[in-house]
Amino acid sequence: MTSHRSFSVYLSDGTRCRGAFFPGDTRLVGVYVHGFRSSVDHAKARFFLNHAVRRGYSWSHFDLPCHGRSEGRFRAFRISTALEALLDVMHRFRGAKLLLVGSSMGAWLSMLAAQRQAAKSSIAAAVLVAPAFDFLPQYFQNMLRGPPADALREWKRAGARQFTDPYDNNRAYEMEFEALEDARRHSVLERPAAYPFPIRMFHGDQDEIVPIGVCEQFLAASPNSDIKLHTVAGGDHTLSAQLPLFAAEVDRQFAAFEAAQRQAG
């Protein structure tokens, strides 16, 4: 593995998020944004990093707050603080163009960041794998037992509730009710936007967590944008068998950026 530079960003509440930058031969910086209950140590993040290093790309990844090596109790995770962390990481590379590579919840966060005026001009393109736009409220409600209204009232009354993670051997974890309320305040599907850069989405038609219709809704709600949705036949939410397909799209975006730079001068 090539040499890298570790870094930290500190959120407004003092939480420390840890990341790393792997300098390459390119002026475009790839920024990988992982999913819910994932980290930079998981297989997908490692795959993208190894691919970037082999190709000589400039690449960065980081652990979202309450995930991996970053600080914070998981039960206190919020989309709002995750977005703050992503924007802070992007600001570290101010002056450079960025390729956002978002997986699942990381795709949601990438588009939330892209809606911020200060971030728009820095993004060259986005590659989104199994985008989980706005998924947390529906995800948690699907996991509640009993009548949904009663279960939500009980969760709100208790302040926190235990869930299990099907992708982590059904390991138990807690989430505070405010995480649900916070997520509802950060919708991309309810706030249509035009994105001034290409977006390439890959979604399995057998996704058991986030239906492909979520991507179709995003596509329909994003006028005047260069967005393409690639349906992965038989693909589940992990899309672990299709990683080379996504790496090829990353290659295309780096090549397009370099070609544009040469043409510009």
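In this chain, numbering begins with 1 at the start of the sequence shown.
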Would you check if Met175 and Arg75 make a side-chain contact, meaning some heavy-atom pair closer than 4.5 Å? no
Please check if Val40 and Leu109 belong to a single hydrophobic cluster, counting links between Ile, Leu, Val, Met, Phe, Trp and Tyr side chain heavy atoms closer than 4.5 Å. no
Test Met90 against every option in Val29, Val33, Leu98 by the side chain to side chain contact (heavy atoms under 4.5 Å, CB included) rule and name the one that passes. Leu98
What's the spacing between Glu216 CD and Ile212 CD1 if we round to 0.5 Å? 5.5 Å
Sub-3.5 Å donor-acceptor pair from the side chain of Arg18 to the main-chain atoms of Arg69, do we have one? yes
Do the side chain of Lys228 and the main chain of Phe202 share a donor and acceptor less than 3.5 angstrom apart? no
May I ask you to check whether Phe74 and Phe36 place their ring centers less than 6.0 Å from one another? yes
Going by the side chain to side chain donor-acceptor pair (under 3.5 Å) test, which pairs reach into residues 245-257, not counting sequence neighbours? His51-Asp251, Arg55-Asp251, Tyr57-Asp251, Glu249-Arg252, Glu249-Gln253
Quick check against the 3.5 Å criterion: does Trp59 have a side-chain atom that pairs as donor or acceptor with the backbone of Asn50? no
More than 12 heavy atoms of other groups within 6.0 Å of Asn142 CG: yes
Mind checking whether Phe140 and Trp155 have ring centres under 6.0 Å apart? yes
Are any side-chain N or O atoms of Ser225 and backbone N or O atoms of Ile227, one a donor and one an acceptor, separated by less than 3.5 Å? no
Distance check, rounded to the nearest 0.5 Å: Phe177 atom CZ versus Arg153 atom CZ? 10.5 Å
Would you please indicate if the ring centroids of Tyr32 and Phe47 are separated by under 6.0 Å? no
Would the distance check show the side chain of Ser222 and the main-chain N or O of Ala194 forming a donor-acceptor pair, the cut-off being under 3.5 Å? no
Just by modelled atom types, is the Gly19 backbone N or O under 3.5 Å from a matching donor or acceptor in the Asp63 side chain? no
Phe21 ring center near Phe7 ring center (under 6.0 Å): no
Measure centre to centre between the rings of His34 and His67, then say whether the value is under 6.0 Å. yes
Is Ser104 reaching over with its side chain to a backbone N or O of Gly35, donor-acceptor style, under 3.5 angstrom? no
Is a donor on one side and an acceptor on the other found under 3.5 Å between the side chain of Ser58 and the backbone of Thr26? yes
If I take atom CG from residue Leu180 and atom CG from residue Leu144, how far apart are they, to the nearest 0.5 angstrom? 8.5 Å
Asp205 and Thr231: side chain donor to acceptor below 3.5 Å: no
N/O donor to acceptor pairs below 3.5 angstrom from side-chain atoms of residues 160-167, sequence neighbours left out:
unit_1, atom_1, unit_2, atom_2, d
Asp165, OD1, Tyr167, N, 2.9
Asp165, OD2, Arg37, NE, 2.7
Tyr167, OH, Glu208, OE2, 2.1

Are any side-chain N or O atoms of Asp134 and backbone N or O atoms of Val188, one a donor and one an acceptor, separated by less than 3.5 Å? yes
Give a yes or no answer on whether the side chain of Glu154 reaches the backbone of Ala149 with a donor-acceptor pair at less than 3.5 Å. no
